[in-house]
Amino acid sequence: MSRYQQLMRRNPIRPPELRRFIFGAFAGSSVLFASFISAQNPSPAPGAPTEAEVERVIVTGSNIPTAEEVGPNPVDTYRTEDIQKLGAHTATELVQRLPAITGAAVNENIGNGGDGRTEVNLRGLFPKETLVLLDGRRVAPVGFAMGASVDINLIPFALIDHIDILKDGASAIYGSDAIGGVVNFFLKHRFRGLELDASYGNTNLGASNDAAERDYYLLAGTGDDKTDIIVFAEYYDRAALFSRDRDLSSNADFTRFGGTDTRSGNFAGRVDGFVLRPGLLTPTPHSATDVTTSPDYVPRNTIDRASNNFAFNFAALTSAIPEADREYYYGSLTHDICDKYLDVFADFKIVRTFFDSVLAPVPFAPDPFKRADGSTPVSPQGISVPLSNPF
């Protein structure tokens, strides 16, 4: 007889005890199983919502379906109130204050080297690498701006509804001109009523020239559930602020601030190390056969360096902020057909811009005439001297 049989004979389990044993074992396993399930699936916190509703947002990017794990491209949206908080009311002020726009670019405040354009440069690349859209459509670039730059001064600033800025490269979607990103300007196309606006600003008490800035616009709109009509007109005018109107920039000789003298050594009245005698504006014709013997000229090194006879102060003639004015005329018509499955859209835009970057007079140009050998200039200094010159 086995040891198990001997134990069972000594301590037999009666039927009631067997039932209690089976029930207790089953209950214990049930408790363990329930505890395991509870640990795997914790109950929601009291009052916590079981579902989250997310508002659908359409941004400037791609409508191509992608996998769910592919996230959206980083897009910043600036609406009218956001632009007002930035304190920007011109395209130049906008590109100077948006953090996504970095790197070198031309704007309307650049006099020497500017041409009145305002460019957008995302991510520090060239402006031609940033794609500019207007209501989702490409804008034609200006022909002289590094090949493909868009002048956003041609977009009516007061008519902008919102701006979408795609801050990532989108060349795979839009083409090679979107390597730096995309800036999409959306204009107002649904407006009811009449809006008039006028603004004026100037320098403090006119202490630095009459650098007045004026801006006026009219916006009118009408329509119904299926039709929207917009008419817009704007006039912008800004006077110039000259370098001579500020003490810091009034003279290109910065030695007074511990800097260098950047004045030009090419100026009228200077001939081979000699300059006109201070106080003399015009030399006496044929007063001498040579500049060294003429009483009208003195050696340049004998003149005080601070004198205008020593070097040409071009800052007295240049503009620090150039003069500019623009006129906008815009209109749009939108009509829905077949319950918005088909719509008719038409718009027109006429912009006239004026930009006057005042530069210093051009010095003597290189001599276009050469000697018989074709390379040696006629003049030893390589410049052409008019016949009216006394020497």
Side-chain angles (χ1 to χ4, degrees), residues 78-99 101 104-120 151-161 163 185 187-188 194-220 231-254 256-257 262 313-330 349-361:
Y78 294 88
R79 301 197 176 275
T80 303
E81 54 271 18
D82 300 321
I83 298 174
Q84 291 175 351
K85 290 178 181 179
L86 290 174
H89 63 283
T90 64
T92 295
E93 294 175 349
L94 179 68
V95 300
Q96 289 178 332
R97 298 174 187 180
L98 288 180
I101 300 177
V106 176
N107 62 56
E108 202 174 41
N109 288 343
I110 297 178
N112 190 4
D115 52 21
R117 286 178 291 119
T118 299
E119 301 173 329
V120 178
D151 182 10
I152 63 174
N153 279 329
L154 302 180
I155 300 175
F157 192 81
L159 194 60
I160 295 176
D161 180 73
I163 305 171
F185 293 88
L187 302 183
K188 299 175 183 177
L194 177 65
E195 180 176 305
L196 299 174
D197 184 87
S199 64
Y200 174 82
N202 206 334
T203 51
N204 186 22
L205 300 177
S208 298
N209 195 22
D210 186 20
E213 187 178 60
R214 306 172 182 86
D215 187 21
Y216 316 98
Y217 75 81
L218 178 148
L219 173 61
V231 176
F232 176 83
E234 182 180 9
Y235 174 74
Y236 173 81
D237 176 71
R238 183 186 69 183
L241 182 65
F242 287 89
S243 302
R244 60 178 178 267
D245 298 324
R246 290 285 194 269
D247 180 66
L248 183 64
S249 59
S250 61
N251 198 317
D253 182 8
F254 297 103
R256 63 192 189 280
F257 300 120
T262 62
N313 180 29
F314 56 86
L317 303 175
T318 58
S319 57
I321 298 180
E323 178 184 1
D325 68 77
R326 293 185 294 273
E327 297 175 4
Y328 297 95
Y329 302 97
Y330 179 83
K349 177 169 64 73
I350 300 174
V351 182
R352 185 201 66 83
T353 65
F354 174 81
F355 180 81
D356 186 14
S357 179
V358 180
L359 302 179

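The CD1 atom of I110 lies 11.5 Å from the CD1 atom of I321; values are rounded to the nearest 0.5 Å. How far CG of L159 is from OH of Y330: 6.5 Å, rounded to the nearest 0.5 Å. Rounding to the nearest 0.5 Å gives a distance of 10.5 Å between OG of S243 and CG of N251. Rounded to the nearest 0.5 angstrom, I163 CD1 and I83 CD1 are separated by 4.0 Å.
In this structure, D115 contributes its side chain and S357 its backbone to no donor-acceptor pair below 3.5 Å. Judged by distance alone, the side chain of K349 and the main-chain N or O of L154 form a donor-acceptor pair under 3.5 Å.
Listed here is the closest heavy atom pair of A315 and S249: CB-O, 3.5 Å. Shortest non-hydrogen contact noted between V120 and V95 is CG2-CG1, 4.1 Å. Residue A239 comes nearest to A211 through the heavy atom pair CB-CA, 4.0 Å, listed as atom of the first residue, atom of the second, then distance. Across all their heavy atoms, F242 and T318 have their closest contact at CD2-O, 3.4 Å. In terms of heavy atoms, F314 sits closest to T262 at CE2-O, 3.1 Å.
Not counting sequence neighbours, the partners of N109 by the side chain to side chain donor-acceptor pair (under 3.5 Å) test are R238. D197 meets the side chain to side chain contact (heavy atoms under 4.5 Å, CB included) test with Y217; sequence neighbours excluded. Remark: D325 pairs with R352 by the salt bridge (charged side-chain N to carboxylate O under 4.0 Å, His left out) rule, at least two apart or across chains. Applying the side chain to side chain donor-acceptor pair (under 3.5 Å) criterion to D253, with sequence neighbours excluded, gives T255. For A220, the side chain to side chain contact (heavy atoms under 4.5 Å, CB included) partners two or more places apart in sequence, or in a different chain, are L194, L218. Residues satisfying the salt bridge (charged side-chain N to carboxylate O under 4.0 Å, His left out) criterion with E195, sequence neighbours excluded, are absent altogether. Residues forming a side chain to side chain donor-acceptor pair (under 3.5 Å) with R256 (at least two apart in sequence, or on another chain): none. Evaluation of the side chain to side chain contact (heavy atoms under 4.5 Å, CB included) rule for V231 yields no partner, not counting sequence neighbours. For Y216, the side chain to side chain contact (heavy atoms under 4.5 Å, CB included) partners at least two apart in sequence or on another chain are A198, R214, Y235.
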Checking side-chain contact (heavy atoms from CB on, under 4.5 Å) for the pair F355/N153: CA distance, chi angles, key distance, verdict?
-> CA-CA 11 Å; F355 180 81; N153 279 329; over 6 Å; no

What do the steps show when you test L187 against I160 for side-chain contact (heavy atoms from CB on, under 4.5 Å), and what is the final call?
-> CA-CA 4 Å; L187 302 183; I160 295 176; 4.2 Å; yes

Worked check of side-chain contact (heavy atoms from CB on, under 4.5 Å) between E327 and F354 | CA-CA 9 Å; E327 297 175 4; F354 174 81; over 6 Å; no

Step by step, would you call D161 with R79 a side-chain contact (heavy atoms from CB on, under 4.5 Å)?
-> CA-CA 6 Å; D161 180 73; R79 301 197 176 275; 4.2 Å; yes

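Inter-residue side-chain proximity for D215 and F157 is flagged as unmet; no heavy-atom pair is nearer than 4.5 Å.
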Can you list, pair by pair, the side-chain donor-acceptor contacts under 3.5 Å of residues 85-92, counting residues two or more places apart and other chains?
residue: H89; atom: ND1; partner: E93; partner atom: OE1; Å: 3.0
residue: H89; atom: NE2; partner: E213; partner atom: OE1; Å: 3.0
residue: T90; atom: OG1; partner: E93; partner atom: N; Å: 3.3
residue: T92; atom: OG1; partner: E108; partner atom: N; Å: 3.3
residue: T92; atom: OG1; partner: T118; partner atom: OG1; Å: 3.1

